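Have a look at the structure below before the remarks.
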Protein chains: 2
Amino acid sequence: MGARQHVVIVGGGFGGLYAARRLARERDVDVTVVDKQNYHLFQPLLYQVATAGLSAGDIASPIRGILRKTRNVTVHMGEAAAVNLAAKTLQLSDGASLSYDHLILAAGVRHSYFGHTEWERFAPGLKSIDDALEMRRRVLLAFERAEVEPDPKEREALLTFVVVGGGPTGVELAGALSELSRFTFARDFHNIDPSRARIVLVEAGPRVVPAFREKLSQKALESLQKLGVEVRLGTLVTKVDEHGVMLGGEALPARTVLWAAGVEASPLAKSLGVPLDRAGRVVVNEDLSLPGHPEVYCIGDLSSFKGPDGHPLPGLAPVAIQQGKHVGENVAAAVRGNAKKPFTYFDKGTMATIGRAAGIAQSGKLELWGLLGWLGWLFIHVIFLIGFRNRLLVLLEWTWAYATYQRGARLIIGHDSAEAAPAPAQLPAPRQREAVPVRTQAP
Amino acid sequence: MGARQHVVIVGGGFGGLYAARRLARERDVDVTVVDKQNYHLFQPLLYQVATAGLSAGDIASPIRGILRKTRNVTVHMGEAAAVNLAAKTLQLSDGASLSYDHLILAAGVRHSYFGHTEWERFAPGLKSIDDALEMRRRVLLAFERAEVEPDPKEREALLTFVVVGGGPTGVELAGALSELSRFTFARDFHNIDPSRARIVLVEAGPRVVPAFREKLSQKALESLQKLGVEVRLGTLVTKVDEHGVMLGGEALPARTVLWAAGVEASPLAKSLGVPLDRAGRVVVNEDLSLPGHPEVYCIGDLSSFKGPDGHPLPGLAPVAIQQGKHVGENVAAAVRGNAKKPFTYFDKGTMATIGRAAGIAQSGKLELWGLLGWLGWLFIHVIFLIGFRNRLLVLLEWTWAYATYQRGARLIIGHDSAEAAPAPAQLPAPRQREAVPVRTQAP
């Protein structure tokens with residue numbers, strides 16, 4: 001197999017990075033990792049950035065830095081636009097194209113609005129650092145605006161936060177929002193009582209975190225309720241606009257709506273012209289390759305691979321990591337002329353956290369909840385963080401936050417996008433409103 | 001003086017915060033701090049955020065958090081638009097107005113393009129977190145684009161970084177950029193050699209950091225040159241556009257131009273209708289009040305106060321801090337019916353840093369440079385950082401960065417603004433360019 005072969009990997013998430021690391025050990029292979037961002041993102045902690053608990057830099061590492069020691073791996077910052085299976089080229093959106101001998105697609109998912117793309121501007125999702133910073137901006141700004149808002153109705157809408165979707169992300173967001181308003185902000189405002197903010201979690205199904213066993217769903221529900229989160233089960237969001245959300249016939253005025261309801265595969269999947277599942281994910285063979293294209297693989301959230309229970313494997317980091325390693329092995333085998341192996345998933349368990357010192361975890365027959373579930377969650381997430389520096393800093397941030405209820409990243413940065421509430425940029429005609437706060441000139 | 005009096009402070013920088021802290025001790029006073037940002041910014045370290053050394057959260061603290069324990073201080077997030085001296089009201093740009101008994105203006109400065117506002121889109125300045133993140137985005141993106149750029153001329157322009165202005169900010173930016181390219185990126189790219197990036201520092205005057213004594217200017221120049229920075233003294237920038245800069249008749253192609261050349265006072269100063277100095281700063285009385293308006297004060301960068309040498313005091317944190325404390329005292333005196341005192345500045349010294357382990361500092365007759373100057377700088381800046389958490393984290397970041405040459409915040413976030421290089425968002429007609437890197441398919 002003398003000639004060097006070129007492996008192109010799309011996506012610097014868990015799947016792509018683990019595949020690249022495995023292939024870095026192969027002598028006859030050059031690897032190009034393509035990602036539209038310059039950083040690898042520890043997505044399980046993205047909700048912490050969105051709720052001002054962590055800084056962006058704490059959960060993201062430059063891909064070049066991670067792969068620095070791999071001499072045969074090149075990082076290409078760019079957006080994969082389409083695959084030409086016949087010509088064996090990957091087309092980038094800047095016009096360049098990369099030819100490949102082996103292609104590993106690990107491009108992940110985007111949030112999906114079930115056809116209602118017009119909802120996106122009112123209810124941002126949570127997939128990238130930019131998403132998280134936008135969520136953080138909206139959340140913090142809502143409290144700031146409520147503080148100076150004279151109209152009680154508008155103030156109530158500003159202090160109503162709706163999280164759509166009761167999966168792990170939705171539950172984690174709602175829990176963190178509740179703690180932000182009840183503890184972090186406890187003494188920070190004079191005209192509003194942040195602890196009276198309404199956090200509403202809307203879930204269409206009959207229970208939260210349905211991927212967990214029923215008992216743990218119940219524990220998660222109890223933890224949320226203890227934090228004052230209003231959980232609305234079996235409730236469909238039928239409309240999202242500048243006024244808030246419609247829950248069936250009920251209008252719920254809210255200035256901040258966060259979307260954690262659904263995801264769909266990247267448009268790249270559609271460009272392949274192969275069968276996709278209902279969620280737009282690519283149905284793959286036993287060895288994670290594409291039907292009819294043994295040189296092309298799909299892994300992680302982008303791929304649909306049936307687990308032992310007959311359902312596609314969930315979109316979790318451990319799945320992507322195991323698939324990344326496996327596909328690295330299979331490409332190495334193919335380069336050497338050896339046989340490829342079918343993938344099997346080793347389920348180590350699942351976990352989620354609901355605010356300070358409450359979590360749920362299941363692994364095999366083990367079930368943890370409450371403080372124990374939270375400690376398990378903390379331990380696993382910190383040891384999984386890529387890069388020593390991040391691990392240490394995140395632990396420090398958390399210890400600090402735990403001891404003081406303070407949050408380290410309470411910055412409102414960036415600008416109002418067109419859809420958000422009016423920005424205080426131009427000077428309107430002065431309203432004859434009394435000075436806020438009204439305590440001015442008290443006797 | 002029975003009735004409670006209302007003090008409005010515009011700006012949550014050093015001056016505003018120290019004034020607020022002093023007045024928090026007064027029983028008969030209510031204070032409102034107005035700032036368009038929700039955070040206090042440690043500006044002396046902003047260049048570290050712009051060059052990926054620190055995260056935004058490391059040098060910024062929420063103003064509400066800082067003032068949490070001051071029961072008589074309210075924080076109002078909003079932009080001060082104009083002062084009505086006759087009516088004693090401050091007009092905000094969202095239409096609200098605050099009436100005051102005493103007004104302290106500490107709104108700081110913005111960067112100035114000497115009338116060439118059209119240069120701003122090509123050469124961002126450095127005054128806010130958003131500015132710093134925009135600089136960081138441009139710098140990191142330039143290297144990423146150079147890595148995949150086939151045209152050698154364009155690649156050269158992408159790897160040319162021009163810093164306009166040889167004051168402390170310009171010197172610090174140039175030094176940090178040089179280290180970024182020579183050390184941090186040393187092994188991160190395959191198609192370009194980041195260490196060959198050109199860093200050009202342009203200064204109109206005869207020496208860098210002219211606020212320092214000549215000997216230290218010389219030391220700073222030597223440190224810069226040792227880092228490979230091209231320093232162009234006595235050189236005027238006559239044009240900035242998408243191609244780069246014009247230095248007199250010489251065109252210098254550069255895709256990244258950073259502005260550290262000049263500042264001007266906020267538009268608020270103009271709204272006062274009182275005498276301003278050449279830089280647009282408000283000329284104040286000996287007690288820091290406005291001529292003819294003993295109840296209005298101007299402090300920090302916004303004010304023009306003659307020092308012992310006859311020149312206005314420089315725009316430094318210690319000046320703002322001392323003036324903030326002093327004006328707090330004077331307002332407290334006025335409330336109690338006591339006499340106000342003239343302000344005198346106690347000059348503790350000035351310092352700047354030029355990359356890793358090189359700095360300059362002068363204090364009285366003391367002059368430090370090199371490693372000693374840097375250690376002095378490090379010590380002072382870390383102990384000055386407001387808030388224990390930031391101090392600890394920043395020290396940790398620096399220790400880590402020093403030991404490894406790595407930088408903790410190498411994230412490209414945000415989007416291309418209209419003026420920047422074309423974003424890879426739409427799919428242009430495919431160019432028949434060969435795969436980059438060209439090592440693909442090597443024999």
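As the structure is a prediction and not an experimental result, all values here were calculated from the model. Heavy atoms only: backbone and side chains are in, while hydrogens, waters and symmetry mates are out.
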Does some side-chain heavy atom of A/His76 sit less than 4.5 Å from a side-chain heavy atom of B/Glu144? no
Euclidean distance, B/Arg137 CZ relative to A/Asn38 CG, rounded to 0.5 Å: 11.0 Å
Close side-chain approach of B/Arg64 to A/Arg187, heavy-atom, < 4.5 Å: no
Quick one: CG on B/Asp188 to CD1 on A/Ile63, what's the gap to the nearest 0.5 Å? 11.5 Å
Find the distance between CG (B/Asp94) and CD (A/Glu149) and round it off to the nearest 0.5 Å. 9.5 Å
Smallest separation among heavy atoms of A/Ser55 and B/Gly57, with atom names: OG-CA, 3.8 Å
Which region of B/Leu140, side chain (C-beta onward) or backbone (N, CA, C, O), has a non-hydrogen atom less than 4.5 Å from a non-hydrogen atom of chain A, or is it both or neither? side chain
Less than 4.5 Å to any heavy atom of chain A: does that hold for the side chain of B/Leu133, its backbone, both, or neither? side chain
For side-chain contact (heavy atoms from CB on, under 4.5 Å), just list the numbers for A/Thr74 and B/Glu147, CA-CA rounded to whole Å, side-chain angles, deciding distance to a tenth of an Å, and then say yes or no. CA-CA 10 Å; A/Thr74 303; B/Glu147 169 82 350; 4.0 Å; yes
Using non-hydrogen atoms and a 4.5 Å limit, figure out which bit of B/Lys36 sits close to chain A: side chain, backbone, both or neither. neither
What's the shortest heavy-atom distance between A/Leu141 and B/Met77, and which atoms? CD1-CE, 3.5 Å
